Protein chains: 2
Amino acid sequence: MVAPHALRDGAVAKHEQLRARLAEMCRTSLSPGDALPSERQLCDLYGVSRTTVRDAVGQLVTEGMLVRIHGKGTFVAEPHARSQLHLASFHEDMRRLGLTPTTVVLLAETAVPPPVTVVNLGLRSRDQALHLRRLRLADNAPISVDDAWYNLIELPGLDQLDLHASIYQALEQRYQKPVDRAEQTVRAAEADDVVATVLGIRPGSPVLRFDRVGYHQDTPLEHAQSWYRSDRYELQMSLTQ
Amino acid sequence: MVAPHALRDGAVAKHEQLRARLAEMCRTSLSPGDALPSERQLCDLYGVSRTTVRDAVGQLVTEGMLVRIHGKGTFVAEPHARSQLHLASFHEDMRRLGLTPTTVVLLAETAVPPPVTVVNLGLRSRDQALHLRRLRLADNAPISVDDAWYNLIELPGLDQLDLHASIYQALEQRYQKPVDRAEQTVRAAEADDVVATVLGIRPGSPVLRFDRVGYHQDTPLEHAQSWYRSDRYELQMSLTQ
DNA sequence: CGACCCAACTGGTCATGACCAGTTGAAGAA
DNA sequence: TTCTTCAACTGGTCATGACCAGTTGGGTCG
């Protein structure tokens with residue numbers, strides 16, 4: 001008897017292949033609350049050992065896509081993109097969640113930033129800064145908009161670069177000034193008309209609003225505000241004493 | 001040959017025992033950057049199979065205490081520069097901000113909690129738990145509502161105590177089980193009618209919603225959801241590499 | 001009828017053993 | 001000397017197989 005959905009031997013580990021297929025199954029043919037086939041059934045279906053099945057399922061449980069209940073089964077969790085609290089660019093963040101990130105640049109200009117930003121970036125009154133407004137998507141679904149200002153005094157020529165590439169990567173590789181610290185506040189807010197339109201939600205819907213200043217060794221490089229769709233994004237954090 | 005630090009057979013899973021010992025080792029006798037014994041050495045040292053060693057080490061890697069490098073070894077990570085996101089009770093939290101906290105108990109009962117809570121608290125299907133719904137005020141202004149379940153298996157008699165006093169203080173002083181770790185997720189949500197009424201805001205207003213599990217040394221004690229008025233509360237955090 | 005028990009599920013744990021894939025340093029070749 | 005090779009580490013993957021521990025529903029016994 002051959003397994004109905006056998007996995008390939010090869011470069012990609014079987015538990016990775018299985019993880020991907022199960023994730024796909026959760027997104028498409030199953031709904032939150034539905035039970036997955038039992039682990040032993042998955043062994044037969046995909047022609048792998050239980051070790052491999054438990055590995056694949058375990059990853060999805062860790063990521064929050066599945067929930068295991070001893071004696072009952074494994075179930076599809078309520079869907080939520082979930083971000084650990086870390087210092088990562090949007091691209092890294094999404095890839096860590098197994099999603100494909102895309103960025104649409106809505107606005108790119110060099111201008112004098114608003115007073116708050118001038119203060120946060122340690123600029124003088126009439127210094128110019130790079131202003132980017134970007135829409136962020138994961139697997140082609142809008143996740144967030146962010147409105148960011150970059151310090152051109154510390155990052156000369158940044159406005160000449162390809163803005164579709166990762167800014168964080170440029171800071172690290174071209175300027176040797178990676179963002180190694182950030183201060184941010186998070187609050188719940190209503191989406192205004194502009195944000196709502198771009199994110200594809202109703203104006204007034206709740207969004208997570210981040211206000212963040214990124215530093216390289218105490219030099220402020222970035223001041224950004226971001227608005228995240230609350231139905232597709234949540235913060236996850238561990239607290240210890 | 002007997003393993004030098006053999007683990008006990010018994011109620012606690014070996015990978016849990018090993019996880020605890022390795023965590024202890026990291027905190028006491030090792031420094032960030034130090035290598036752990038290799039997985040095969042750990043097998044011999046603790047008299048367990050590699051499955052178990054990988055399980056225990058894997059948990060600590062997930063938690064960020066260890067880092068595995070293929071071909072080189074497993075190393076103690078830099079201690080997470082965790083934020084000022086404090087592990088504090090509402091009362092401590094508010095006093096730190098110079099406000100006077102008050103609590104109104106809206107509901108107190110002993111009941112079988114919903115499935116999610118059963119899982120989070122590590123209960124069995126029909127175990128009962130203490131259910132508290134409380135309104136929190138600072139300087140007499142409503143700040144948040146929280147809906148919490150407490151583990152009565154680990155905290156027998158908690159339901160007999162004065163619920164207006166600080167629960168956290170009782171956990172610490174009466175049970176010697178302070179909450180020393182918590183996992184929480186944060187998202188933006190709309191206030192439903194109940195929450196809106198109690199908080200004195202319009203239904204549909206954005207609120208910060210916390211979902212939190214509090215632990216004492218890996219024993220889950222508390223599962224709580226909280227809704228915070230977004231106009232009176234925001235999260236502040238520092239992120240470092 | 002109701003209480004109990006048990007078989008047949010579910011996931012949880014663990015040992016054994018094999019082989020693959022990076023890393024490193026020492027032995028040998030140029 | 002310097003470069004190459006390779007053996008002996010490291011962690012990564014996977015199969016097999018056993019038994020434990022919750023859950024559930026159906027059947028039996030009182």
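All values derive from a computational prediction rather than experimental measurement. Letters A, B, ... are given to chains in the order of the sequence lines, protein chains preceding strands, and every chain is numbered from 1.
- Under a 4.0 Å N-O distance rule, the pair B/Glu16/B/Arg19 qualifies as a salt bridge.
- Less than 4.0 Å separates DNA chain D from at least one heavy atom of each of the following residues of residues 50-60 of chain B: B/Arg50, B/Arg54.
- Closest non-hydrogen pair, B/Ala129 versus B/Leu123, comes out as CB-CD1, 4.3 Å.
- Applying the side chain to side chain contact (heavy atoms under 4.5 Å, CB included) criterion to A/Ala23, with sequence neighbours excluded, gives A/Arg27, A/Leu60, A/Met65.
- Residues from residues 65-72 of chain A lying near DNA chain C, meaning a heavy-atom separation below 4.0 Å, are A/Arg68, A/Ile69, A/His70, A/Gly71, A/Lys72 in numerical order.
- Inter-residue side-chain proximity for A/Val104 and A/Leu137 is flagged as met; some heavy-atom pair is nearer than 4.5 Å.
- Residues A/Arg54 and A/Glu39 are paired through a salt bridge, judged by an N-O separation under 4.0 Å between the basic side chain and the carboxylate.
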### Message
Evaluate B/His131 against B/Trp149 for ring-ring contact (aromatic ring centres under 6.0 Å, His included), listing each step before the verdict.
### Response
CA-CA 5 Å; B/His131 183 197; B/Trp149 292 86; 3.9 Å; yes
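- Put simply, chain B comes within 4.0 Å of DNA chain C, heavy atom to any atom, from C/dT13 to C/dT24, going 5' to 3'.
- Not a single side-chain hydrogen bond (donor to acceptor under 3.5 Å, both in side chains) links A/Ser226 to another residue, sequence neighbours left out.
- A salt bridge is absent between A/Glu234 and A/Arg229: the closest approach of a Lys/Arg side-chain nitrogen to an acidic carboxylate oxygen does not fall below 4.0 angstrom.
- Among the heavy atoms of the strands lying under 4.0 Å from B/Gln41 are primed sugar atoms or P, OP1, OP2 only; no base atom is included.
- The existence of a salt bridge linking A/Asp146 and A/Arg136 is confirmed by a sub-4.0 Å separation between a basic side-chain nitrogen and an acidic carboxylate oxygen.
- Every pair passing salt bridge (Lys or Arg N to Asp or Glu O under 4.0 Å) that includes a residue from residues 167-177 of chain B is listed here, sequence neighbours excluded: B/Glu154-B/Lys177.
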